[in-house]
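Input: a single structure, listed below in structure tokens.
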Amino acid sequence: MILSCSEPHFLKEEAYRNQVIQDFEQKQQALPNGDLFAIFSNKDLTGSEREALMFLYAYMPIGDVTDYPGDYYLENFRLSEQTRGEMPWGKVVPDELYRHFVLPIRVNNENLDDSRKVFYGELKNRVKNLSMKEAILEVNHWCHEKVVYRPSDARTSSPLASVKTAYGRCGEESTFTVAALRAVGIPARQVYTPRWAHTDDNHAWVEAWADGKWYFFGACEPEPVLNLGWFNAPASRGMLMHTKVFGRYNGPEEIMLETPNYTEINVIDNYAPTAKALVTVTDTDGKPIIGAKIDFKVYNYAEFYTVATKYTDANGQVSLTAGKGDMLVWASKDGQFGYSKLSFGKEDTLVLTLDKKEGETYTLDLDIVPPVEGANLPEVTPEQRAANDLRLAKEDSIRNAYVGTMMTEERAKAALSSFKLNEYEIDKMVKILVASRGNYQTLIDFLKNAAGEGKEDLAIELLRVLSAKDWRDVSIEVLKDHYQNAPDPQKVGLGTSVEIVNPRVANEMLTPYRNFLRNAIPQSDAETFVKDPTRLVEWCKKEIKIDNDLNSQRIPISPEGVWKARVADEKSRDIFFVAMARTLGIPAWIDEVTGKVQYVDMNPFMENGKQINLKEGRTLDVNFNASAPVQASTGLLYATYHPIPSLSDPKYYSHFTLSKYKDGTFRLLNYDEGDVDMGGGATWSNLLKKGIRLDAGYYMLVSGTRMASGAVLSQVSFFNVEPEKTTTVDLVMRESKDQVQVIGNFNSESLYRPVGTENGDNLTSESCGTVQGDTKDMVSQSLLQACGRGYFVVGVLGVGQEPTNHALRDIAALGSEFEKWGRKMVFLFPSEEQYKKFRPAEFQGLPSTIMYGIDIDNSIRKQIAESMKLSNQTILPMFIIADTFNRVVFVSQGYTIGLGEQLMKVIHGL
């Protein structure tokens, strides 16, 4: 494609433009089916539009090519150009930043939507007269009007779905905020710490560019200034922060990984002291290995989680810049592997030998130390803080007014009164409608449609098998398609089968694929596949080309998209197979623990098209690399455990994990942490004490004890599970040799003001052990008066902040153990306003031994910070265990996962 001399280029640098053209042509060649590039036949495209679309299509994942029309991308490019012309900073933003951080619509793995148009319409008049930095702060305030933090499942809602829901987890908040900033032409990117080093979990936030510099902030968590968030302190202990940049990117940051879709860059230097290390990989003869895969792993959620992947160069080397703490470095190639701990800042080189192989059994201990805290906080004046707090309160009221329009139980029952539903169906639908948040009308309309056909029961069954997030963002088109076109389990003799009715297979975008597939699959093929599902497996192997590189982020392609393109990554192919099988009435799924594709072959147990005994149907594993589906060989695994005083029953993800070896690395078995049928989530007692059946193979058991400092005492065991044999291993929770020690002083005569309640929405004297009445009239009392002689817990809370929410949930999870301990816990609010915002009902299970109060003039918080030499007294929450002899034996500040368990460890040691 050659532009005329008078036409402006969108890609102004000739070398970069030529690279994009080359990559675009390769993408076209890789996706020859389905007329996926029809937009380029539009003769009305300007040269600039054509180049912009070439840039987008060259690097977008396959699903974005197959599942969204070209006109969608053209419209969004025109919107971004309009914004660039209308916003005062449009001419200031460099072309490279505009190309990579404004134009792209996708932020993470969310569904794409029309948020750019909607958000620009709402925001342009709010920001057009502001400076760039002021505009960034203003956009974040607008985002807080719309969305607040609440945890949810791993699938990322689209920006508009987050607005409809009015809450989201950090990945959704940051996706939403980046979309809002890009909508007004401000370069923005989502930053992740893949996993924290000093505690479990991860976090995502936003960086935005203004006047030549990148600034960070918490998405939907407005502060008075930039480079400030509750995560400043945790980030200073981070090992790695990264962001995925759309396309080929040559910015100043360290490049960690280049893929056909994105460039992953390392931004850890923006947050923490760092060090660089060089890793050399050799064979057993000491010769360097080229192209070895190097996984840098952080201990988190009881596994060594890969936070960065690189491949060795011609010298067998890779380098990485990271925070000054410990990682496990894992190298692999051609079935051989090797590993070692690397302490960044203490070691600048590491030599790894690929001297390990599958099948070797042994155990080793690893002590993992995270970086130390060193938060650098910008100054905020009292006036700025007060003004910001006022804005937050107003924004809360705006959002809460919208939330008030959503379904309550009473409204839901009234809405359902016209339907002919039994008591069970009403109870189920009330829960679904309340959980659907701003999407309730979609579900009611769907139920009305089904009622018109007398099929409310089938519609409710379909809704029942969806996830809570699906209820919040599913469309009427998707529901109608699956309701109208899914085989009726009753008619095919299967009873109610989730593996047929459910539209969801994994974490994909739900789409109306059933009618399309029913019409697309020739009738003769459909009959063949139902009669012999192995033929469907063979069809997928023959017809679908696997190209993982073209979908580097593994964002699932819709089943319709896979059918059209006939090219997919392995994950999308697996989802496609299950979707095809279910459309045809074959029960199929992807196993949540192992990730294996499975289906039930019922043909040996069918007679005249009717089921004889579904339970006797064979569950077969689909292996697209094997000649035919098989039933996997399995063995039995037991683990012995000798309880330590602070832990009677270790939990999966909190204390231990299992991983299975494949292709040089170990892949985690994803047991459900909360809904295991054996009762209350996966633990040693219900998973390994009585034995669990696993596929034969090579496994790794990781356990770890997280210390209050964030350090981990870990043990790693490698073992084999053999077919039809029993394997027994030891689950060991290592303990610190140091007994509980006095680490500081705290005056137990310190005063606080107890608080009570005036309404049922706040604290209650029955549940919280507080006194009723106006808090301003309360008489101050000392902690000694409140708690009596002995040990007690004091916490200072940051209401509504993610770290405090995590801490309270952790404590609530162990509420019965704190009840048994019986000592008082005093939780304090920094102010009257904070107290009024607190909703204990959000943290079911908090022990009745808690008393609440106001920290008068923040005196207790200041005393804790000063006596314990904490780096910053503004970071909340703070918790201590102390006694009435003024001795402190435990302290925690800021973001900590598993706080309840850490408190109980110390309590058991007292």
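For clarity, every value in this text was computed on a predicted model and none was experimentally measured.
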| Where is the tightest heavy-atom contact between Arg116 and Asn76, given as atom of each residue plus distance? | CB-OD1, 3.5 Å
| Salt-bridged, Lys164 to Asp113, with N to O below 4.0 Å? | no
| task | Tell me whether the centres of the aromatic rings in Tyr271 and Trp214 are closer together than 6.0 Å. | result | no
| request: For the residue pair Tyr192 and His242, categorise the inter-ring angle as parallel (less than 30°), tilted (30 to 60°) or perpendicular (more than 60°). | output: perpendicular
| Does Lys12 reach the main-chain N or O of His9 with its side chain, forming a donor-acceptor pair under 3.5 Å? | yes
| message | So does Leu377 get a backbone contact from the side chain of Asn227, meaning a donor-acceptor N/O pair under 3.5 Å? | response | no
| query | Is the cationic atom of Arg84 (NZ for Lys, CZ for Arg) positioned less than 6.0 Å from the six-membered ring centroid of Tyr98 and within 45 degrees of its normal? | reply | yes
| Would you call Glu207-Arg189 a salt bridge at under 4.0 Å N-O? | yes
| query | Distance-only, no hydrogens or angles: does the Thr165 side chain make a donor-acceptor pair with backbone N or O of Ser162 under 3.5 Å? | reply | no
| task | Could you tell me whether Arg150 and Glu172 have a side-chain N and a carboxylate O separated by less than 4.0 Å? | result | no
| query | Any sub-3.5 Å donor-acceptor pair from Asn388's side-chain atoms to Gln384's backbone N or O? | reply | no
| field | By ring pair (Phe, Tyr, Trp, His ring centres under 6.0 Å) - contacts of Phe24 (at least two apart) | value | Phe37, Phe40
| field | N/O donor-acceptor pair under 3.5 Å between Asp67 side chain and Ser558 backbone | value | yes
| task | Check whether any side-chain N or O of Asn266 sits under 3.5 Å from a backbone N or O of Glu254 as a donor-acceptor pair, and report yes or no. | result | no
| Carboxylate-amine/guanidinium contact Glu264 Lys244, below 4.0 Å | yes
| field | Check: Tyr149 main-chain N/O paired with Glu173 side-chain donor or acceptor under 3.5 Å | value | yes
| field | Side chain Lys564, main chain Thr66, donor-acceptor under 3.5 Å | value | yes
| Is the His100 ring parallel, tilted or perpendicular to the Tyr249 ring (thresholds 30°, 60°)? | perpendicular
| request: Look at the rings of Tyr895 and His203 and say which category their plane angle falls in: under 30° parallel, 30 to 60° tilted, over 60° perpendicular. | output: tilted
| task | Look at Glu49 together with Arg78 and state whether they make a salt bridge at an N to O cut-off of under 4.0 Å. | result | yes
| query | Hey, are Glu110 and Arg155 close enough for a salt bridge, meaning a charged N less than 4.0 Å from a carboxylate O? | reply | no
| query | Any chance the side chains of Ser831 and Gln834 put a donor and an acceptor closer than 3.5 Å? | reply | no
| request: Output yes when a side-chain donor or acceptor of Thr243 lies under 3.5 Å from a complementary backbone atom of Gln190, and no otherwise. | output: yes
| field | Asn400 atom CG: more than 12 heavy-atom contacts under 6.0 Å | value | yes
| said: Please tell me whether Tyr73 and Phe77 form a close aromatic pair, meaning their ring centres lie under 6.0 Å apart. | reply: no
| task | Quick one: closest heavy-atom pair of Pro222 and Leu392, and the distance? | result | CD-CD2, 3.8 Å
| Nearest heavy-atom neighbours spanning Arg182 and Val107 | NH1-CG2, 4.1 Å
| message | Quick check against the 3.5 Å criterion: does Asn140 have a side-chain atom that pairs as donor or acceptor with the backbone of Gly218? | response | yes
| field | Minimum side-chain heavy-atom gap Tyr16-Glu96 below 4.5 Å | value | no
